[in-house]
Amino acid sequence: MATGTQTLFRPSAEKRRILLVEDEFINQEILKAYIGEIYEILIAADGATALETLFAEYETISLILLDLNLPDMHGLEILSRIKEDSRSAHIPVIVMTADSEAEVESLTLGAIDFIPKPYPQPKVVHARIQRTIELSEDRDTLLMTERDQLTGLYNRVFFYRYAVLLDEHHKGFPTDAIVLDINHFHTINERYGKQYGDELLRRLAAWLLETVERKGGIACRRNADTFMVYCPHREDYDVLLEDLSAEMDRSGKGHIRLRMGIYADVDKTMDVERRFDRAKLAADNVRGSASNAIGHYDHAMHEAEMLSEQLIEDFPEAIRDRQFIVYYQPKFEVHGEEPALHSAEALVRWEHPEMGMVSPGTFIPLFEKSGLIQTLDQYVWAEAAAQIRRWKEKFGVTLPVSVNVSRIDLYDPQLKDRLSAIIGENGLAFGDLLLEITESAYTEDSRQLVEALRQLRAMGFRIEMDDFGSGYSSLSMLSTLPIDILKLDIQFIRGAFREGRKDIRLLEAMIKLAGAFKFPVVAEGVETSDQVAVLSALGCDYIQGYYFSRPVPPEEFEPFFDGKIV
Ligand code: C2E
Ligand code: MG
Ligand code: MG
């Protein structure tokens, strides 16, 4: 296992420091004369001073020259103290003695070399010292770069290299790529402190290391709480994961849940990194699942991966050829006797030349991951704004349209300018384009996001919190977040109207709560007249859902303008 944490970083021109532990004045002087020009020498004339100096200066000491006969302690005792302490264990020690018998014992205690007394030629002394320091620094550098500092496992780069080597040594043997993650590690860290978090990571690492040493394979920490293992194919991962879970639970602070992604019998013609991306995909697939801790990369995932690649590849052409079509779904106000058209939500569709209509559920998450979402969203916003203008020209009314703003858009420093330009180009007011931000964006707790929304709101945009009830925003957050409208999550409505209707009380409470904060409430995913009746009786302000209309292309939306509009 690597320690190496005290490795020095210094410009090579600077003098290395040597701690010389030697009580005889004459010997001190000789060594100073031999090497004093090249090295900075700290002198300790007895054991106590030596240890004191060492632990005060361990971070900058490159080598210890140790005499064995000291007035207060035997040199071997000092040596074992040095090697026992993690702060000094990695510092090389050269023993200086006239007693050739002591050599063996010194070596077993961890000394690296000898200089006999009386001292040999200055050249020889110098060469030994130099070589020892160089070796030790090389080793530290190697450990530093090869290993993860916290756990001592390989780091990602070296792991991938060793994986290739492993392939070469085990040609024709089926091999598995495994990714392991601790569920909610972030929360554990926050709750019990970083030290405890680190302890968990070290424990997991130690278990992995011990396991691969016994059963073959290599292990590494990918980042944060994600680990990777590359090992001969096996079938008993459920047993292994149980063992590991038991080991983790011994840390005492509640059950630690792990998830594992397996890409079994990897395709060795494929890039190593991609093999582990597959295992990671499999692990992420069981994220949040209470019953399933192990995900397998299977045929379905393979198909999905191929589709994703295809869609990403086709994206530029799709934007260029305007294959993205914006659909509109009406939102009705339900206060009065009759529902009245209030606004619409713009929802994008992809009319793919070969695949036909592709739904946003397929490509939005993908584009969010690959960074394409910004381009797409800007396209949709511009299109929606132009549509508001066209309808205004045609029907003489401005129908506000809400657009979806992805979390990633909010990091764009030019977002305000882009939206302003779109508003300006179409002669709209800021309030005409509503911005829907999904709840989970808020719960990510990024001050930057909240600040971006605050600024947009200050410009005059209205902000709608989408999918409310799906995340975990706390009540106290509601009073401080920059929002104008709450949109209840589709699942939430679904849950409330499920058999037994137990959750309808919850729905009622939510609507009351929104009322207390003076937020108008939109219910989405409303499909039946019964739901409309219940929701409006509970005080819900607006309703969007298949009951009124599915999202439709602009031409099909136009008949709604014939009805009552608020
Ligand atoms: P969302 O913003 O929460 O949109 C509501 C989704 O619920 C839409 O799905 C809509 O078609 C569907 N829906 C509406 N009423 C009903 C109903 O009564 N029953 C059922 N079962 N479903 C209903 P869609 O259009 O597939 O969009 C899915 C998600 O994709 C959206 O969820 C939104 O998060 C995202 N999205 C859509 N267009 C865009 C876009 O232009 N940009 C971004 N960033 N995201 C978009
Ligand atoms: Mg939405
Ligand atoms: Mg929604």
Side-chain angles (χ1 to χ4, degrees), residues 311 315 318-319 322-332 339 343-351 357-387 400-412 415 418-419 422 433-442 449 462-471 473 483-498 510 521-532 535 540 542-553 556-557:
L311 294 180
F315 180 78
I319 285 283
R322 307 193 68 81
Q323 292 170 9
F324 290 102
I325 314 290
V326 181
Y327 275 36
Y328 297 87
Q329 187 177 33
K331 296 183 196 177
F332 280 85
S343 56
E345 176 173 8
L347 292 157
V348 70
R349 272 61 190 135
W350 185 351
E351 255 173 40
M357 199 65 109
V358 187
S359 93
T362 312
F363 58 83
I364 297 282
L366 173 67
F367 292 169
E368 285 183 333
K369 260 190 250 154
S370 55
L372 298 174
I373 193 69
Q374 290 197 26
T375 311
L376 178 63
D377 277 348
Q378 285 161 29
Y379 174 98
V380 174
W381 304 337
E383 187 48 41
Q387 190 59 59
V401 171
S402 60
V403 292
N404 289 284
V405 176
S406 164
R407 189 176 43 82
I408 291 138
D409 297 319
L410 295 173
Y411 288 108
D412 175 7
L415 178 64
R418 293 186 205 281
L419 283 166
I422 290 173
L433 199 67
L434 277 75
L435 308 178
E436 291 195 10
I437 322 284
T438 187
E439 185 195 8
S440 59
Y442 289 92
L449 293 189
R462 281 181 289 164
I463 313 286
E464 195 164 324
M465 187 195 261
D466 204 352
D467 310 319
F468 182 69
S470 65
S473 49
I483 21 178
D484 300 279
I485 303 168
L486 274 186
K487 192 170 189 180
L488 299 178
D489 188 46
I490 213 165
Q491 294 304 332
F492 193 66
I493 306 288
R494 228 167 254 173
F497 288 94
R498 205 171 286 142
M510 292 279 248
V521 179
V522 186
E524 72 179 332
V526 176
E527 297 183 348
T528 66
S529 60
D530 173 47
Q531 291 173 347
V532 175
L535 282 161
C540 176
Y542 309 106
I543 286 180
Q544 174 183 353
Y546 292 176
Y547 173 72
F548 289 113
S549 170
R550 288 178 176 261
V552 289
E556 282 179 48
F557 189 92

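None of the values given here were measured: they were computed from a predicted structure. In each ligand, atom 1 is the first atom listed, and ligand 1 is the first ligand listed. One-based numbering along the sequence shown. Atoms considered below: every heavy atom in the structure, side chains included; atoms not considered: hydrogens, waters and symmetry mates.
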**Message:** If you scan the protein for heavy atoms around atom 3 (O) of ligand 1, do you find one that is closer than 4.0 Å?
**Reply:** yes

**Message:** Less than 4.0 Å from atom 9 (O) of ligand 1, is there any heavy atom belonging to the protein?
**Reply:** no

**Request:** Answer whether the closest heavy-atom distance between the side chains of Glu524 and Glu345 falls below 4.5 Å.
**Result:** yes

**Complete:** Under 4.0 Å between heavy atoms, the region of Val326 that gets near ligand 1 turns out to be neither

**Message:** Ignoring hydrogens and geometry beyond distance, is a side-chain donor-acceptor pair present between Lys331 and Ser402 at under 3.5 Å?
**Reply:** yes

**Request:** Pull out every atom of ligand 1 sitting under 4.0 Å from any heavy atom of Glu524, numbered as shown with elements.
**Result:** 3 (O), 4 (O), 5 (C)

**Item:** the Mg ion (ligand 3) - closest N/O/S atom in Glu524
**Value:** OE2

**Asked** Atoms of ligand 1 less than 4.0 Å from Gly545 heavy atoms?
**Response** 15 (N), 18 (O)

**Message:** Pairs of nitrogen or oxygen atoms closer than 3.5 Å, one from Tyr547 and one from ligand 1: do any exist?
**Reply:** no

**Atom of Glu345 nearest the Mg ion (ligand 2) (restricted to N/O/S, atom name only)** = OE2

**Request:** May I ask you to check whether Thr438 brings an N, O or S atom to under 2.8 Å from the Mg ion (ligand 2)?
**Result:** no

**Prompt:** Any protein heavy atom under 4.0 Å from atom 29 (C) of ligand 1?
**Reply:** no

**Asked** Within a strict 4.5 Å, meaning less than it, do heavy atoms of the Phe332 and Val526 side chains meet?
**Response** no

**Prompt:** Between Glu368 and ligand 1, which part of the residue brings a heavy atom under 4.0 Å of the ligand: side chain, backbone, both or neither?
**Reply:** neither

**Prompt:** Would Gln491 and Asp467 count as having a side-chain donor-acceptor pair, cut-off 3.5 Å?
**Reply:** no

**Prompt:** Has Arg494 got any heavy atom lying under 4.0 angstrom from an atom of ligand 1?
**Reply:** yes

**Prompt:** Is Arg349 touching ligand 1 with its side chain, its backbone, both, or neither, if touching means heavy atoms under 4.0 Å apart?
**Reply:** side chain

**Asked** Which heavy atom of Ile490 sits nearest a heavy atom of Gly525, and at what distance?
**Response** CG1-CA, 3.4 Å

**Asked** Any nitrogen or oxygen of Asn404, main chain or side chain, under 3.5 Å from a nitrogen or oxygen of ligand 1?
**Response** yes

**Message:** Any heavy atom of Glu345 closer to ligand 1 than 4.0 angstrom?
**Reply:** yes

**Prompt:** N/O/S atom of Glu436 under 2.8 Å from the Mg ion (ligand 2), yes or no?
**Reply:** yes

**Request:** Calculate, to the nearest 0.5 Å, the distance between atoms CD and OG1 belonging to Glu368 and Thr438 respectively.
**Result:** 8.5 Å

**Asked** Of all the non-hydrogen atoms in the protein, which one sits nearest to atom 26 (O) of ligand 1, and at what distance?
**Response** Pro360 CG, 3.4 Å

**Asked** Quick one: which ligand 1 atoms are inside 4.0 Å of a heavy atom on Gly525?
**Response** 15 (N), 16 (C), 17 (C), 18 (O)

**Message:** Tell me the contacting part of Val380 for ligand 1: side chain, backbone, both, or neither, using a 4.0 Å heavy-atom threshold, strictly below.
**Reply:** side chain

**Request:** Look at atom 37 (C) of ligand 1 and find which of Leu347, Val405, Asp466 reaches it with the closest heavy atom.
**Result:** Leu347

**Message:** Out of all atoms in ligand 1, which are within 4.0 Å of some heavy atom of Gln329? Include the element for each.
**Reply:** 14 (C), 15 (N)

**Asked** Can you find a heavy atom in the side chain of Trp350 that is under 4.5 Å from one in the side chain of Gln323?
**Response** yes

**Asked** Is Asp467 touching ligand 1 with its side chain, its backbone, both, or neither, if touching means heavy atoms under 4.0 Å apart?
**Response** side chain

**Item:** Min side-chain heavy-atom separation Asp489-Glu439 under 4.5 Å
**Value:** no

**Prompt:** What atoms in ligand 1 come closer than 4.0 Å to a heavy atom of Val348?
**Reply:** 38 (N), 39 (C), 40 (C), 41 (O)

**Request:** Taking the Mg ion (ligand 3) as the vertex, measure the angle between atom OD1 in Asp466 and atom OD1 in Asp467; round to 10°.
**Result:** 90°

**Asked** Nearest protein heavy atom to atom 35 (C) of ligand 1, by residue and atom, and its distance?
**Response** Ile364 CG1, 4.1 Å

**Request:** Return yes when Pro551 approaches ligand 1 closer than 4.0 angstrom through a heavy atom, no otherwise.
**Result:** yes

**Prompt:** For atom 7 (O) of ligand 1, which candidate among Ile490, Thr362, Asp489 holds the nearest heavy atom?
**Reply:** Ile490

**Numbered atoms and elements of ligand 1 in range of Asp377, under 4.0 angstrom, heavy atoms** = 40 (C), 41 (O), 42 (N), 43 (C), 44 (N)

**Asked** Parallel under 30°, tilted from 30 to 60°, perpendicular over 60°: which one fits the rings of Phe324 and Phe315?
**Response** tilted

**Prompt:** Tell me: protein heavy atom nearest atom 23 (C) of ligand 1, and distance?
**Reply:** Tyr546 CE2, 3.4 Å

**Asked** Can a non-hydrogen atom of Glu527 be found less than 4.0 Å from any atom of ligand 1?
**Response** yes

